[in-house]
Amino acid sequence: MSQVRVRFAPSPTGYLHIGGLRTALYNYLLARQTGGTFILRIEDTDRTRFVADAEDDILATLKWAGLDVDEGPEAGGECGPYRQSERSALYLRHASELVDSGAAYYAFDTPEELDAMRERLKSPQDPSPRYDCHTRGNMRNSLTLSPDDVATLLATGTPHVVRLLVEPGKTISFVDAVRDQVSFASEVVDDQILVKSDGMPTYHLANVVDDHYMSITHVIRGEEWLSSTPKHILLYEALGWTAPTMAHLPLILSPTGGKLSKRAAERQGIPVLVKQYQDAGYEPEALVNYLALLGWNPGDDREIFDLAGLVEVFSLERVGSAGVQFDLEKLAWFNGQHLRRLPVANLAERTATALASTGIEVDAAYVTEMVGLMQERVAFASELATTTGYFFSDPMSYDENGVKKRWKDDSAELVVAYAATLEAGIEDTPEAFEQALRQLTETREVGAGRLIHPARLAVSGVTMGPGLFEMMALLGSETCARRLRRAAQVLG
RNA sequence: GCCGCGUUCGUCUAGGGGUCUAGGACGCCGCCCUUUCACGGCGGUAACACGGGUUCAAAUCCCGUACGCGGUACCA
């Protein structure tokens, strides 16, 4: 089985966040590049944190981003089921196998007893004592209890967990595809709980078992898992399986370098859920492109990629190992870049829908023309509908700073004269509007800018927008003349 | 505290002993185009965390320190 098989394995404890999407993306890229398989596995072993619609959000978000899943709860596949809650029997079978072989043991300590142990052993040198080779001898488990006692406890249904037996004196090392060799002393690895007292496996057991049965070749996940990888390695060894290649991605940090927690991010105005980016009108291509470059680079100066382009050049070797700060401004730039590459029809349709929802009914062809003029001037598609009111109704006010800067003593008179020219009859083409304006300013022996700026202000109410003459041609001479006269009246 | 992983312009990064007076991108500033908006083009700003070592030569290798992040749960 040399086929690459990778998985994205989120737990449905909340909506998909950008870190998760990036992890999914890197997995996807490796799969597509190698002709391998991209698997989605739902790790829902924690019933206390389960969020009902999280799985739907994950599925929908992956689709939105264009990451097609080959095998998963929705896509199906030969290694299913793809929800861990539906695979309990498998985990339990291997848990007892581990106990039988001596690689794991039963522990009967109650949460209170655990707390008491930690409280008792706590010291400045060791603020958080672990359940490990140093402490297990004083606890209630199948290592310290007699076989008869253990059998009785088990038979009477006493709550218990299964723990991994970690022997001291060993060095556990593995080669990480992005960090090279990483080693841990087994003394600092605790006797990880494998099966909880509710009978559910923990992440560690379920993950290893599933990765094995799903023939996963590369585990690509966030760096937060690096420290638990020795436990996983131990499990693979105890189960007699070969561990897949590990690749731990650098974490995405907030713009100030701290962790990108939901709360911290909100304080800094950084959305962390992909859904929020969707709602804010980011292009999926832009988010994907930006996330791909966050911790990875192609090795040359190229930055703009679509999914297919990323698939071609991606490589695990070029993934960095230092945490990366999230930068909304650069994302915005990517958004503008991708926006410009979109077909006008696509944007026009979306803009028409957005306009309609605000009660502005307009001709599709007109919107298409407008979008054509605006497409390369905005960074977000939403601006096409929110900053273009003057295409649909006369401006109600005039930008204050613009007036201060551009509206001179002779502006009103010039603007009225221009209006008169338009009223005399003019072809609705940019060239005609431009010619008329230049002729007028030449006659008056003033610079064209003397009229261009006031005219823009009069026609749109703002100083920003498409080329003046293109805009006027689309608006039509009648509308323009009316607006010019009105501005002259209002601004004097 | 302990363990792990990191550390090149403000940010994302290239670079992996000499080609580094450290390259690209975002942002910012200026200029050009346009006597208009923007796109675009051009230019500028700005970095090898610190200290030791190895070497003829270190951003690059080694050690230490500092700092950051992660882990240290019957969460994932």
Glu303(A) has its side chain closest, among G1(B), A25(B), C26(B), to A25(B)

Could you check which nucleotide pairs with A14(B) in any of the strands shown, counting Watson-Crick or G-U wobble with both distances under 3.5 Å?
none

Any idea which of G4(B), C74(B), A38(B) is nearest the Ser197(A) side chain?
C74(B)

Think Ser227(A) has a side-chain N or O under 4.0 angstrom from the OP1 or OP2 of C5(B)?
no

Applying the 3.5 Å cut-off to both distances, the Watson-Crick or G-U partner of C61(B) turns out to be G53(B)

Heavy atoms only, 4.0 Å cut-off, all strands: where does Thr45(A) land among base, sugar-phosphate and nothing?
sugar-phosphate

Hey, does Arg221(A) reach any base, or is it just sugar-phosphate, or nothing, if we go heavy atoms under 4.0 Å?
nothing

By the Watson-Crick or G-U definition, both distances under 3.5 Å, U36(B) is matched with none

Among C74(B), A76(B), C69(B), find the nucleotide with the atom closest to the side chain of Leu253(A).
C69(B)

For U34(B), does OP1 or OP2 lie under 4.0 Å from any side-chain N or O of Arg456(A)?
no

Can you tell me the distance, in whole Å, between the CG atom of Leu92(A) and the C1' atom of C74(B)?
14 Å

To the nearest Å, how far apart are Asn335(A) CG and G27(B) P?
13 Å

Regarding Asp126(A), tell me which of base, sugar-phosphate or nothing describes its non-hydrogen contacts under 4.0 Å with the strands shown.
base

Give one of base, sugar-phosphate or nothing for Pro124(A), where a contact means two heavy atoms less than 4.0 Å apart.
sugar-phosphate

Whole-angstrom distance between U45(B) and C63(B), as gauged at atom P
37 Å

Just to be sure I understand the rule, does Thr48(A) reach a base, reach only the sugar-phosphate, or reach nothing, if contact means heavy atoms closer than 4.0 Å?
nothing

Okay, side chain of Arg483(A), backbone of Ala455(A): is any donor-acceptor separation there less than 3.5 Å?
no

Rounded to the nearest angstrom, tell me the gap between atom NE2 in His204(A) and atom P in A76(B).
8 Å

Can you check whether Arg406(A) has a side-chain N or O nearer than 4.0 Å to OP1 or OP2 of U35(B)?
no

Qualifying residue for side chain to side chain donor-acceptor pair (under 3.5 Å) with Tyr131(A), from Asp109(A), Asp191(A), Asp190(A)
Asp109(A)

Assign Gly222(A) to base, sugar-phosphate, or nothing according to its heavy-atom contacts below 4.0 angstrom with the strands shown.
nothing

Let's see if you can work this out: which of U11(B), C39(B), U35(B) has an atom nearest to the side-chain heavy atoms of Arg340(A)?
C39(B)

Side-chain N or O of Lys231(A) closer than 4.0 Å to phosphate OP1/OP2 of A73(B)
no

Report which part of the nucleic acid Val182(A) touches: base, sugar-phosphate, or nothing (heavy-atom distance under 4.0 Å, all strands).
sugar-phosphate

Tell me whether the side-chain N or O atoms of Arg179(A) pair up with the base of C5(B) as donor and acceptor below 3.5 Å, since no angle test is needed here.
no

What contact category does Ser11(A) fall into here, base, sugar-phosphate, or nothing, at under 4.0 angstrom with non-hydrogen atoms?
sugar-phosphate

pair_partner(G43(B)), Watson-Crick or wobble, both distances < 3.5 Å, evaluates to C29(B)

Using a cut-off of 4.0 Å on non-hydrogen atoms, how would the nucleic acid contact of Val324(A) be classed: base, sugar-phosphate, or nothing?
sugar-phosphate

Mind telling me whether Phe380(A) and Tyr282(A) have parallel, tilted or perpendicular rings, with 30° and 60° as the class edges?
perpendicular

Side chain Arg130(A) and base U72(B) donor-acceptor under 3.5 Å:
no

OP1, OP2 of C74(B) versus side-chain N and O of Arg163(A): anything below 4.0 Å?
yes

Run the ring-centre check on Trp225(A) versus Tyr203(A) and record whether the distance is less than 6.0 Å.
yes

Under 4.0 Å, counting only non-hydrogen atoms across every strand here, what does Arg47(A) touch: a base, just sugar-phosphate, or nothing?
nothing

Spacing between Gln325(A) atom CD and G6(B) atom P, to the nearest angstrom:
18 Å

Do His160(A) and Ser142(A) have side-chain atoms, one donor and one acceptor, less than 3.5 Å apart?
no

Is there a donor in the side chain of Arg318(A) and an acceptor in the side chain of Asn297(A), or the other way round, less than 3.5 Å apart?
yes

Please test Arg302(A) against Asp300(A) for salt bridge (Lys or Arg N to Asp or Glu O under 4.0 Å), starting from the C-alpha separation and ending with a verdict.
CA-CA 6 Å; Arg302(A) 287 175 298 166; Asp300(A) 54 38; 2.9 Å; yes

Do the ring planes of Phe184(A) and Phe174(A) sit parallel (below 30°), tilted (30 to 60°) or perpendicular (above 60°)?
parallel

Within this structure, what is the CG-to-P distance between Leu484(A) and U36(B), rounded to whole angstrom?
18 Å

Measure CZ/Phe334(A) against P/G27(B) and give the value in whole Å, please.
11 Å

If G6(B) has a Watson-Crick or G-U wobble mate with both distances under 3.5 Å, name it; if not, just say none.
C67(B)

U54(B) to G17(B) separation - C1' atoms, rounded to the nearest Å:
11 Å

Across the strands shown, which category fits Ala322(A) at heavy-atom distances under 4.0 angstrom: base, sugar-phosphate, nothing?
sugar-phosphate

Check whether any side-chain N or O of Arg438(A) sits under 4.0 Å from OP1 or OP2 of U35(B), and answer yes or no.
yes

What interatomic distance, in whole Å, is found between P of U8(B) and the corresponding atom of A49(B)?
6 Å

Select base, sugar-phosphate, or nothing to describe what Thr229(A) touches, counting heavy atoms under 4.0 Å on all strands.
nothing

Any strand is fair game: report the nucleotide pairing with U72(B) by Watson-Crick or G-U wobble, both distances under 3.5 Å, or none.
G1(B)

Determine the contact category for Leu293(A): base if any of its heavy atoms lies under 4.0 Å from a base atom, sugar-phosphate if only primed atoms, P, OP1 or OP2 are that close, otherwise nothing.
sugar-phosphate

Would you indicate, yes or no, if C5(B) has its OP1 or OP2 atom less than 4.0 angstrom from a side-chain nitrogen or oxygen of Gln181(A)?
no

Looking only at side-chain atoms of Met464(A), point me to the closest of C3(B), C37(B), C74(B).
C37(B)

Counting any heavy atom closer than 4.0 Å, what does Leu331(A) reach on the DNA or RNA strands: base, sugar-phosphate only, or nothing?
nothing

Among the nucleotides A76(B), C3(B), U36(B), which one has an atom lying closest to any side-chain atom of Arg49(A)?
A76(B)

Nucleotide G40(B), atom C1' - distance to CD of Gln375(A) in whole Å
15 Å

Residue pair His232(A) / Asn207(A), side-chain donor-acceptor N/O under 3.5 Å
no

Between C75(B) atom P and Asp46(A) atom CG, what is the distance in whole Å?
6 Å

